[in-house]
A.B. asks: 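Starting off with a structure, shown below.
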Amino acid sequence: MKEGIIKKHKDIALSLLKGYKKANELILKERKKRLAIITTEEALREYDYLCKLYSTADKRGLERLDNIKISFLIKRRNIFNRIRKAQGNK
């Protein structure tokens with residue numbers, strides 16, 4: 001029974017990694033396209049906007065988001081560790 005669960009998680013983990021790889025490739029492609037046409041003035045305007053947005057943001061919300069992200073990363077690491085252990089790569 002446990003081997004079936006681990007195999008299921010392995011498939012999910014591999015699928016997740018493939019998805020991340022594909023998403024990263026698409027994001028990089030779009031970023032290259034956009035950066036090729038954006039002017040220096042547009043880039044500075046966008047940077048200034050993002051800085052102002054961050055400086056006026058409610059930092060309590062960001063702290064909560066960080067805690068959610070940390071929890072997710074710990075859970076994911078535990079799944080990867082169980083998969084690795086099941087494969088005998090301690």
Side-chain angles (χ1 to χ4, degrees):
M1 173 90 177
K2 210 173 198 177
E3 288 176 14
I5 292 171
I6 292 172
K7 181 167 176 28
K8 179 181 175 187
H9 286 300
K10 178 183 175 186
D11 293 343
I12 291 170
L14 291 174
S15 177
L16 178 70
L17 291 173
K18 286 178 185 176
Y20 279 138
K21 181 180 179 186
K22 183 66 175 171
N24 287 336
E25 290 169 355
L26 291 173
I27 290 168
L28 183 59
K29 184 178 177 181
E30 290 297 317
R31 186 179 295 151
K32 284 180 180 180
K33 270 197 239 177
R34 184 164 185 272
L35 289 175
I37 61 171
I38 193 170
T39 66
T40 303
E41 292 79 20
E42 289 171 325
L44 287 171
R45 207 171 23 251
E46 190 169 323
Y47 176 78
D48 287 340
Y49 170 76
L50 291 172
C51 287
K52 287 176 189 173
L53 185 65
Y54 177 79
S55 67
T56 60
D58 181 4
K59 303 302 187 278
R60 292 172 297 181
L62 295 176
E63 183 179 318
R64 183 171 176 269
L65 189 59
D66 283 341
N67 289 336
I68 292 169
K69 182 179 179 181
I70 290 168
S71 176
F72 165 77
L73 292 173
I74 289 171
K75 287 177 186 175
R76 187 177 68 186
R77 171 54 32 205
N78 288 335
I79 290 171
F80 288 157
N81 287 342
R82 283 195 303 256
I83 292 169
R84 187 185 69 212
K85 203 180 250 188
Q87 291 176 338
N89 300 331
K90 298 178 183 180

A.B. asks: Quick one: OG1 on Thr39 to CZ on Arg45, what's the gap to the nearest 0.5 Å?
C.D. replies: 6.0 Å
A.B. asks: When you look at CZ of Phe72, are more than 12 heavy atoms from neighbouring residues, nucleotides or ligands closer to it than 6.0 Å?
C.D. replies: yes
A.B. asks: Which pairs, with at least one residue in residues 17-32 and sequence neighbours excluded, count as a salt bridge (charged side-chain N to carboxylate O under 4.0 Å, His left out)?
C.D. replies: Glu30-Lys33
A.B. asks: Just verifying a value: how many Å separate Lys75 NZ and Ile79 CD1, rounded to the nearest 0.5 Å?
C.D. replies: 9.0 Å
A.B. asks: Which value, rounded to the nearest 0.5 Å, describes the distance between Ile83 atom CD1 and Ile12 atom CD1?
C.D. replies: 8.5 Å
A.B. asks: For a side chain to side chain donor-acceptor pair (under 3.5 Å) check, start with the C-alpha distance between Arg77 and Asn81, then their side-chain angles and the critical distance, and finish with the verdict.
C.D. replies: CA-CA 6 Å; Arg77 171 54 32 205; Asn81 287 342; 3.1 Å; yes
A.B. asks: Could you tell me the separation between the CG atom of Leu50 and the OG atom of Ser55, rounded to the nearest 0.5 Å?
C.D. replies: 11.0 Å
A.B. asks: On a heavy-atom basis, which atom in Ile37 and which in Glu42 lie closest, and how many Å separate them?
C.D. replies: O-OE1, 4.2 Å
A.B. asks: When you group the ILVMFWY residues by side-chain heavy-atom contacts below 4.5 Å and let the links chain together, are Leu53 and Leu65 in the same group?
C.D. replies: no
A.B. asks: Report yes or no: do Leu16 and Leu73 belong to one cluster of Ile/Leu/Val/Met/Phe/Trp/Tyr joined by side chain heavy-atom distances under 4.5 Å?
C.D. replies: yes
A.B. asks: From Cys51 SG over to Glu46 CD, what is the distance, rounded to the nearest 0.5 angstrom?
C.D. replies: 11.0 Å
A.B. asks: Taking only residues two or more places apart in sequence or in another chain, which ones pass salt bridge (charged side-chain N to carboxylate O under 4.0 Å, His left out) with Arg76?
C.D. replies: none
